[in-house]
*Asks:* 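Next up is a structure, given as structure tokens.
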Amino acid sequence: MEDEASVIYGLEFQARALSAQTAESDQVRFFVGTQSLKAENQVHHIDFDDENNQISKNVFLHRVGEIWHLSASTVDKNLLATCYNKTSESKAEMCAAVWRLPSDFDTLQSEDHSSHQSLELVCDLAASDSGDMKSVLWHPTGDSSNMVGIADSHILVWELETSSASAKLVSSAELEAKGQPRLTCGQWNPHHNCTQIATANDTFIRGWDLRTMEQVYTIENAHGQLVRDLDFNPNKQYYMVSCGDDCKVKFWDIRNVTEPLKVLAHHSHWVWSVKYNHFHDQLVLTSSSDSCVILSNIVSLSSEPYGHLVDNEGDSDREDMDAKDKDSVLPQDGVIATYEEHEDSVYAVDWSSADPWVFASLSYDGRLVINRVPRAEKYKILL
Amino acid sequence: MADVEQEKDEGERKKRHGMLKMYYGLEEDKPGAATLDPCDINGAHFKPDFYLSKLIREKSLTELMDKEADMVSQIRSLDSDMQTLVYENYNKFISATDTIRKMKNDFKKMEDEMDHLASNMSAITDFSAKISVTLQDRRMQITKLSGVHALLKKLQFLFELPARLKKCIEMQAYSQAVRYYTKAQRVLHQYQHMPSFQGINKDCTDIITELRQKLRNQFKDRESTPKQLAECVDLLLQLNDPAEELCDEFLAHACQKLNMDLAELDRQIKLQMGEQVTLESQRPSQAYLNTPMEESAEIQDILEFVDLGCNGFLSNICLVIASYNDMFLNKLQEDENMDTIALKKLVNFVNALMEQYFAYVQRRVQLEKETGDNTILVRALDRFHRRLQAMNKLLPDTDFSRAGTDIVSKAAKDRVVHYLDSLKQHFADCLTDIRQNLAAPRLTGKQDGLNELLSKIQSACMDQIKSVLSNLQAFIASDITFAMKPYFRGPFCASEVREVLVVGYLKHVNSACQEFCEGSGEKGSAPPSLILILSRLCLEFDSSTISYLISLTEEQFEVDPRNNLTQVSQLCTEAKATSQTLLNHFVKVQGLAISQMLRKSVETRDWLNTIEPRNVRAVMKRVVEDITSIDTQVGQLYEEGVRNERSSDSSRRTHSHTASSLQRKQGSQWNFTPSIDNSLMSNIQKLFSEKIEIFSAVEFSKVSVLTGIIKISLKTFMECVRLRTFGRYGLQQIQVDTHYLQLYLWRFVTDENLVQVLLDEIVCSTVHRCLDPVLMEPSVIELICERG
């Protein structure tokens, strides 16, 4: 069976911010934030019609500046947060704000595309003077309206009041280490009642307890070079994956911070993004500045029973098939596919929140590519 | 001429004889076919008429005339021959008649003497008959008397027997006593019913019981010599003691002695093991006893140990076996069953002890780790092996030499493993040496060491392995008996020396080198130059060293390479792969080091608020310096490599050309800012340039290595630039920096276009990230760069 071809969507600007519309669980939708110093920046709301293999878009203006990071709310599908670069003649600072979509696809079919609507500002996320905002995290399960911001060397927690359109800074913590540490990224741990986050600075990965705002663990020299991204296994509470400038992807058990569980080294340049599939955590996506997106199958560290064989042997229909591909019966760790549709560095990749088999990747030249997990692999996991 | 004449003569004589024979009817030697010819004048069936007519018919007149003359002369000569013969025969008849007449006279005289002799003989016969008749009575009497005498003597012996036995026992002449007793025993037994004999019998039995007891005691005495023992057993057997019991006792006794020998061996082993401790503990007592002799005698080397074993234990056990054979096996032939039981006992006994002995020897041999020299060990093992072979002959059905060879093989195996370990250690030491050398090159003031270090480690490895091989050759020297055994030699040479030692070592070198690549993340891991040297070393291994070493081994140890052994090609491939990995790793490490510098320099600067560039930034100079020094390092070990040739001045022209085209292109971009064009342009540009693999494998050449490093560095530069926002002067500074890099880096790479493309991309990215993109004039840039 032929796999359906990937769908490519070109943006006019350079871009590095990509996020699935997390709260949307029916439609395959993504947000893309552009990055241009000169033109007005935009947030593209992309809808992917799986059956017709078609993309439709909604463009919203984001006038305040180029978007460096974008995250969609986990509760309200019309909310999203951006980290943007506010530039003036001699100054460039990174701010964060929460926005509301002025309209959705359903209401906006007939509108002409020449004039785009602007995003409605819900509230600015005040960072006082903690430095440049790197990213904003929504509460993973949406049980609380708290948000976490990663600034230069600070972790900030806000409580968002959508009704009164205000965000109150609840608590903050400063990372103290020698040589002005700069946090590069952060991820909210969806386990343990969502009380932990993990951040990365330089070659370190640190875990924080949000209740006390203190460090709980540190992985020193997690990577040979800068750590670029982190993600938590959605189903196994202690498992985490990280990637970085040493071209490697490392899997960790945060109870044992001395040794990684597994190291992948398939990329030939820095790995910028790593994402667990929310539904099948053996599927791991990575994107890199070698212009490749790699889909790996790490069944040995997933919540799937490892080494479990196809156990419905009584089913005579399938026996022939089993005999045919006996080698593939036992799933092995490895690369499922390498996607090379991009021409430039791929800085962001994300899984769809609605369809477990669809994912998007975004390269710097503004090319968004939507791909599916190969059918063979999909059936291997499902059957 | 004379010969011919003689032959003719000979032929004539034969003919003559033949004719005479024929005449007398002696025709047996004539072939039948010839005789049937009627034309053969010499044949029996000659027909004169037929012959004559034939002649007349066939021959011409002259021939007939000749034939006639010939015939006449033949007839003449035959006649004269006949006369001579008749005369000779006549003479012989006359002399025969004379002889017969003489014989007649002699026989008459003899007949008379014979008659005389016959009469004398008959007279003698008469006399002798008369004498025998007179003497007959006396003879009967004498026979009777002598019978009585003998009987009396026997009786006397019996009566005296107890006393004699006692005396014998007193004098410890046990064998005598036993001989007496066995002589008398049967008689005593027969006449037991008579009271007098009964007494004697009882006395004797008592004495003999005592004797038996004594013998038993002596038998059990640990001090008695094997010879005494043998005697005891012999006597006891004569006294009809149960043989099986004796066997057991004998063996038990022997066992004690042998165990003492073994204990001595054990003590030696313990001494060897706990050398220090034992000496320490002995010192005070020695001080008291003042016996310095002890110490020197205490610890023996392996040869002495084996000697001790051979001379003590082995010779004793041989003695035991020999005497056992004499005593039990060779005597009990009448009882086949007994024989096998006794033999089985012996075999079990010997096996158990030998097992113990082997265990000791094995332990001792295993202790022999430290010496670098094999000769003593090999001599010891050889002696041991020979001795065991000798023992084999003594006791059939057992094969100690096999077990002995196993020990020898084990020892050889241990040696090989030991050598392998020391080789590994040596390699590690070499690496440490190099590290130290690299760590302090400035002290010696020499920077050109890489080449020398490479050749040093290479020759050190070779020398070491060669010396090990020559050491191991002691094991297969021609004067060593076990070396000739195929079941030792084959596996030793092929699987031990070649596979375990040489191949094992080569594999170790490989994996040790590989390890340097794996610990990439850790800071302070192997210095890059070491990795470079190792990479070259592995390449050398691939190209020559491995095949040389393997063929050297095969030659020295006569290994057949066709057997199921690790192939040279396989090893070479592994070495080459390792070399490649190391070189890639070197590129990566160096690239990352330079990347780190560039990254820091981009990240830490405020690009929005810089002043107009006047200089090339120091970090760029540093990058160029570092790359130059890497270039010299690599140049020491690797060849230049192929470069897409282009002359140097054209390159500068090309650069200024591209720079201006770049400016034109960018100028058009930022003048009316449609970003579609923007990405389109860069995409089109990328379509035409090949995709650049950043951390790709490099070739074994200097330019390829340098290209790899530069690619990594420039890619990092670009990625970092993309993360920042630039002001006008920031952009211009980047322009200056990239131009500077272009000026200095093109000479290191395979394809200078590559550098150009990467640098263009950096400037391009910077333009995108610039708030106020105003490019600097190329002439100004060049000016600044030339000044810097």
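Lettering follows sequence order; numbering is per chain, from 1. Keep in mind that the numbers below use all heavy atoms, side chains included, and drop hydrogens, waters and symmetry copies.
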*Asks:* Tell me, for R728(B) versus chain A, whether the close heavy atoms (under 4.5 Å) come from the side chain, the backbone, both or neither.
*Replies:* neither
*Asks:* What do you reckon, is CD of E220(A) surrounded by more than 12 foreign heavy atoms closer than 6.0 Å?
*Replies:* no
*Asks:* Taking all heavy atoms of L723(B) and all of R228(A), pick out the closest pair and write down the distance.
*Replies:* CD1-NH1, 3.7 Å
*Asks:* Please give me the minimum heavy-atom distance between K38(A) and P773(B), naming the atom from each residue.
*Replies:* CE-CG, 4.3 Å
*Asks:* Quick one: pull up OG in S595(B) and CG in L226(A) and give me the separation to the nearest 0.5 Å.
*Replies:* 12.0 Å
*Asks:* With side chains defined as the heavy atoms from C-beta onward, is the minimum distance between L37(A) and H768(B) less than 4.5 Å?
*Replies:* no
*Asks:* Does a side-chain heavy-atom distance below 4.5 Å link R722(B) with Q35(A)?
*Replies:* no
*Asks:* Just give me the residue among E603(B), R599(B), Q596(B), M718(B) that pairs up with chain A most often, heavy atom to heavy atom, under 4.5 Å.
*Replies:* R599(B)
*Asks:* Given the rule in the side-chain contact (heavy atoms from CB on, under 4.5 Å) test, do Q14(A) and S765(B) qualify, once you have shown the distances and angles that lead to the verdict?
*Replies:* CA-CA 10 Å; Q14(A) 290 171 330; S765(B) 292; over 6 Å; no
*Asks:* Apply side-chain contact (heavy atoms from CB on, under 4.5 Å) to A512(B) and list each qualifying residue two or more places apart in sequence or on a separate chain.
*Replies:* F427(B), H508(B)
*Asks:* Assess whether atom CZ of R605(B) is packed by more than 12 heavy atoms of other residues, nucleotides or ligands within 6.0 Å.
*Replies:* yes
*Asks:* Looking only at non-hydrogen atoms, find the nearest pair between R724(B) and W68(A) and report the distance.
*Replies:* N-CH2, 4.5 Å
*Asks:* Given a strict heavy-atom distance threshold of 4.5 Å, which part of T716(B) is in contact with chain A: side chain, backbone, both, or neither?
*Replies:* both
*Asks:* Can you find a heavy atom in the side chain of E719(B) that is under 4.5 Å from one in the side chain of H269(A)?
*Replies:* yes
